[in-house]
Amino acid sequence: MTDALKMFSVSDSFFGRYEELVVDTVIPYQEKILNDAIPGVEKSHAVENFRQAAEVNETGKCSGEFYGMVFQDSDVAKWLEAAAYSLAQKNDPALEKRCDDMITLIGRAQKKDGYLDTYFTVKEPGRQWTDLQEAHELYCAGHMMEAAVAYYECTGRRNLLDIMCRAADHIYDHFIAHNAPGYPGHPEVELALMRMYHATGNGKYKELAEHFINVRGVDGDYFKHESETRGWQVWGGWNGDREYTLCHEPVRGQKDAVGHAVRAVYLYSGMASVAKENGDETLKAACLTLWNSITKKRMYVTGAIGSAYEGESFTKDYHLPNDTAYGETCASVGLIFFARRMLDLFKSGEYGDVMERALYNCVLAGMQLDGKRFFYVNVLESLPGISGKAVTHRHALPQRPQWFTCACCPPNAARLIASIGRYAWCIEDGTAYAVLYIGGTLDGTEQLGGKIYVETSYPYEGSAVYTFEPCDSHMDMTLALRLPSWSRSTKISMNGKEIDCTYSSGYAFVKGPFTASDAVAIEFDMGVRRIHASPKVSADSGKTAFMRGPLVYCAEGADNNGGVLNLIADRSAVPAVGTYEPDSLYGIRKITVAGTRTENTGKLYSDEPPSVTPCTITLIPYYAWANRGENEMRVWLPER
């Protein structure tokens with residue numbers, strides 16, 4: 001399957017604004033933070049850690065200390081990856097020069113044998129590869145490998161790729177040539193090695209990815225043995241929870257999505273990538289089982305995953321609390337990675353549906369509309385005075401901070417948005433799969449025989465139009481349009497007339513040839529939908545959520561006289577869609593629905609029934625909440 005990253009350029013008003021925001025605001029802002037150049041913001045020190053490591057390599061000592069999390073290097077890697085995608089969209093010699101300077105510094109921090117990790121070079125020399133469970137060396141290496149591939153693909157420059165080839169060769173030598181035991185405590189390197197393999201053609205990298213996947217969980221007590229023998233630890237050492245570290249079973253025997261949610265979806269993404277490359281049917285089956293576990297039983301309506309603060313983890317089927325949800329932004333980013341690779345395995349529309357759900361709701365909610373504040377945790381209910389303050393809710397912040405001590409999420413969201421072309425389209429065997437409805441230009445000159453132009457005002461308008469620019473007289477190809485599961489009726493027409501299509505696995509196939517005079521249009525049902533959870537989801541019993549198109553809506557205090565916790569939606573009321581408001585929250589459509597507001601005596605408990613007053617409930621897209629100060633917020637509203 002062809003990677004559409006460099007082939008697709010975005011031009012629509014919605015994601016066009018987000019791409020510009022990432023390029024013009026987010027990347028420069030995060031660069032300053034990584035260099036500790038913004039006063040009053042949580043210190044990063046990530047770039048300085050590389051300087052200290054370079055000093056150790058060059059002089060044998062350093063003038064400072066390592067600061068931050070053991071995986072602080074990965075923040076730089078993800079920023080570089082986002083910057084690479086930015087350079088593919090917009091020529092910026094100054095940014096490219098700064099990236100090259102950063103890469104030179106990374107090269108100086110690399111050991112002669114290829115080892116690269118500032119924590120061990122500066123703080124724990126001589127202890128490399130002795131704490132795979134907690135020390136995240138392979139995780140950091142994986143993120144830097146992804147950055148290296150992106151920088152090479154987007155700029156043609158091999159400087160970082162050569163550094164990471166040496167690093168990958170070192171890891172291969174340690175774990176394959178010298179047969180060292182173990183596997184990553186935090187998966188990530190598996191999917192990164194597959195990207196390295198595709199970029200370089202070096203079969204050792206695929207072999208190493210396969211190795212880490214195949215040995216995982218075979219010795220389920222590896223981390224226990226490691227902890228007992230090394231005599232030191234980064235955090236708390238081994239606590240006996242094999243599900244948390246995803247080594248409770250070999251990967252082909254894992255049935256439920258468990259443990260740390262980000263680690264899980266990164267692992268599953270690597271598994272799917274290896275399964276695609278090797279045609280491994282048992283690995284494909286395992287991926288499908290784990291996908292179904294997540295999306296059928298352990299995913300929030302917003303596409304968030306990971307229910308519990310404890311371990312940032314999955315818990316049990318249908319346990320989806322709203323006000324204590326964890327829903328880490330990184331986990332939804334990882335879910336999109338997994339979905340994209342599942343689409344490589346199985347051409348089913350459901351993977352695009354989940355990508356879309358997670359992207360438009362949880363991932364976008366993870367970044368403030370101005371690009372300068374970020375959520376790590378994405379709750380579905382916020383309670384001022386409790387959220388962020390009660391011991392059970394300290395993780396559930398009601399406002400986005402500027403940065404975090406553990407800052408994995410902000411650059412993760414940036415690199416995903418900056419590479420949205422990879423997720424919008426898939427091209428395989430002369431078929432262009434339109435996975436996400438984003439306006440722009442797909443340059444399929446080599447693969448499809450021309451260009452495809454997409455015009456849409458999605459997600460607030462429910463149509464998209466595809467026109468063609470053949471290299472010759474026509475484009476002999478097939479256009480596959482995803483049929484969103486949320487659209488009750490979808491119409492497809494060509495040159496103004498409805499056409500019969502071939503339908504399969506959630507796609508409508510419109511077969512060419514297409515000429516420059518052809519236009520294919522798809523139109524969705526954009527009616528407001530009331531969503532009801534399974535009765536097994538106790539947190540949502542007797543409640544409803546509202547969606548329009550791909551967007552989940554929520555009630556926020558700013559639109560509802562300051563309070564939403566006493567609002568009840570009228571079950572029989574027909575929701576109304578407002579006009580598009582370009583000056584409200586960077587452009588939204590609100591939804592209103594009739595309901596009631598209850599008021600009680602003010603006592604904690606009372607046998608007097610509450611008074612009930614009719615009211616109109618106003619809802620905004622979930623991704624836009626918490627941009628107007630601290631507010632009550634709810635996605636799921638009581639209904640009667």
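Sequential numbering from 1 along the given sequence is applied to the chain's residues.
Contacts classified as salt bridge (charged side-chain N to carboxylate O under 4.0 Å, His left out) and involving residues 368-388 (residues at least two apart or in different chains) are given here: Glu381-Arg634. Legend: salt bridge (charged side-chain N to carboxylate O under 4.0 Å, His left out) pairs involving residues 134-151, not counting sequence neighbours, sorted by first then second residue: Glu134-Arg230, Glu146-Arg195, Glu146-Arg415. Residue pairs meeting the salt bridge (charged side-chain N to carboxylate O under 4.0 Å, His left out) criterion with at least one partner in residues 310-325, sequence neighbours excluded, are Lys297-Asp317, Arg298-Asp317.
Side-chain atoms of Ser307 come within 3.5 Å of backbone N or O of His319 as a donor-acceptor pair. Panel note: side chain Thr25, backbone Val22; no donor-acceptor pair is recorded below 3.5 Å. Under the 3.5 Å distance criterion, the side-chain polar atoms of Ser332 are matched with a main-chain donor or acceptor of Gly303. For the pair Asn631 (side chain) and Gly629 (backbone), a donor-acceptor distance under 3.5 Å is present. Checked by atom type and distance alone, the side chain of Gln254 pairs as donor or acceptor with a backbone atom of Leu246 at under 3.5 Å. Checked by atom type and distance alone, the side chain of Asp353 never pairs as donor or acceptor with a backbone atom of Pro484 at under 3.5 Å. Between the side chain of Asn49 and the backbone N or O of Tyr67, at least one donor-acceptor pair lies under 3.5 Å. The main-chain N or O of Gly366 is never found under 3.5 Å from a side-chain atom of Arg400 such that the two would form a donor-acceptor pair. Judged purely by atom type and a 3.5 angstrom limit, Asn566 uses its side chain to pair as donor or acceptor with the backbone of Thr598. Distance alone, capped at 3.5 Å, is enough to place a donor-acceptor pair between the Trp79 side chain and the Ile27 backbone.
A heavy-atom distance below 4.5 Å is found between the side chains of Val70 and Trp235. Using a 4.5 Å cut-off on side-chain heavy atoms (C-beta onward), Val564 and Met633 make no contact. Annotation: side chain of Glu350 is not in contact with side chain of Ser485 (no heavy-atom distance under 4.5 Å). A heavy-atom distance below 4.5 Å is found between the side chains of Leu551 and Tyr460. Taking 4.5 Å as the limit, every side-chain heavy atom of Val234 sits out of range of all side-chain heavy atoms of His136. For the pair Ser313 and Tyr326, the minimum side-chain heavy-atom distance is 4.5 Å or more. No side-chain heavy atom of Met342 sits under 4.5 Å from any side-chain heavy atom of Met355.
Asp559 meets the side chain to side chain contact (heavy atoms under 4.5 Å, CB included) test with Glu556, Lys590, Thr618, Ile620, Arg628; sequence neighbours excluded. Remark: Glu31 engages Arg98 in a salt bridge (charged side-chain N to carboxylate O under 4.0 Å, His left out) (not counting sequence neighbours). Evaluation of the side chain to side chain contact (heavy atoms under 4.5 Å, CB included) rule for Glu65 yields no partner, not counting sequence neighbours. Take Lys543 and apply the salt bridge (charged side-chain N to carboxylate O under 4.0 Å, His left out) test, not counting sequence neighbours, and it matches no residue. Annotation: side chain to side chain donor-acceptor pair (under 3.5 Å) contacts of Arg216 (sequence neighbours excluded): none. Phe546 is linked by a ring pair (Phe, Tyr, Trp, His ring centres under 6.0 Å) to nothing, counting only residues two or more places apart in sequence or in another chain. By the side chain to side chain contact (heavy atoms under 4.5 Å, CB included) test, Glu48 pairs with His45, Arg51, Gln52, sequence neighbours left out.
The aromatic rings of Trp625 and Phe375 lie parallel to each other, with less than 30° between the two planes, well short of the 60° mark. Using cut-offs of 30° and 60° on the angle between ring planes, the pair Phe337 and Tyr266 is parallel.
A donor-acceptor pair shorter than 3.5 Å can be found between the side chains of Tyr85 and Glu81.
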Next on the checklist: Under the criterion side chain to side chain contact (heavy atoms under 4.5 Å, CB included), I'd like the reasoning laid out for Ile33 against Asp75: C-alpha separation, chi angles, the key distance, then a yes or no.
Outcome noted: CA-CA 10 Å; Ile33 287 179; Asp75 293 349; over 6 Å; no
Item to check | Leu359/Ile336 under side chain to side chain contact (heavy atoms under 4.5 Å, CB included): CA gap, chis, key distance, verdict | outcome: CA-CA 7 Å; Leu359 174 64; Ile336 292 170; 3.8 Å; yes
Item to check | Phe223 vs Leu132, side chain to side chain contact (heavy atoms under 4.5 Å, CB included): CA-CA, chis, key distance, verdict | outcome: CA-CA 8 Å; Phe223 293 135; Leu132 298 182; 4.2 Å; yes
Checklist entry - side chain to side chain contact (heavy atoms under 4.5 Å, CB included) between Tyr360 and Val552: does it pass, once the steps are laid out? => result CA-CA 8 Å; Tyr360 280 94; Val552 175; over 6 Å; no
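Remark: Cys408 SG to Tyr376 OH distance equals 3.5 Å, nearest 0.5 Å. Taking CD1 of Ile568 as the start and CZ of Arg597 as the end, the distance is 10.5 Å to the nearest 0.5 Å. Here the CG-CZ distance, from Asp117 to Phe50, works out to 8.0 Å after rounding to the nearest 0.5 Å. Rounding to the nearest 0.5 Å gives a distance of 12.0 Å between CG of Asn322 and SG of Cys554.
The two atoms that bring Gly563 and Glu632 nearest to each other are CA-OE1, 3.2 Å, heavy atoms only. Between Ala569 and Arg530, the shortest heavy-atom distance links the atoms CB-NH1, 4.4 Å. Closest non-hydrogen pair, Ser269 versus Gly334, comes out as OG-O, 3.8 Å. Closest approach of Pro550 to Asn361, counting heavy atoms only: O-ND2, 3.0 Å. Between Leu416 and Val333, the shortest heavy-atom contact is CD2-CG2, 4.1 Å. Taking both residues in full, the closest heavy atoms of Ala325 and Pro321 are given as CB-O, 3.3 Å, listed atom of the first, atom of the second, then distance.
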Enumerate donor-acceptor pairs with a distance under 3.5 Å from any side-chain N or O in residues 183-190 to protein atoms, sequence neighbours excluded.
unit_1 : atom_1 : unit_2 : atom_2 : d
Tyr183 : OH     : Asp219 : O      : 2.8
Glu188 : OE1    : His143 : N      : 3.2
Glu190 : OE1    : Glu188 : N      : 2.9

Just distance, no hydrogens or angles: give the donor-acceptor pairs under 3.5 Å from side chains in residues 13-20, sequence neighbours left out.
unit_1 : atom_1 : unit_2 : atom_2 : d
Arg17  : NH1    : Leu369 : O      : 3.3
Arg17  : NH2    : Leu369 : O      : 3.3

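Applying the 6.0 Å contact sphere to CZ of Phe404 captures more than 12 heavy atoms from other residues, nucleotides or ligands. For Lys296, the NZ atom sits in a packed shell: over 12 heavy atoms of surrounding residues, nucleotides or ligands are nearer than 6.0 Å.
For Trp291 and Tyr268, the gap between ring centers reaches or exceeds 6.0 Å. For Tyr300 and Trp636, the ring centers are positioned 6.0 Å apart or more.
Under 4.0 Å is where a charged nitrogen must lie from a carboxylate oxygen, and between Arg340 and Asp344 at least one such pair does.
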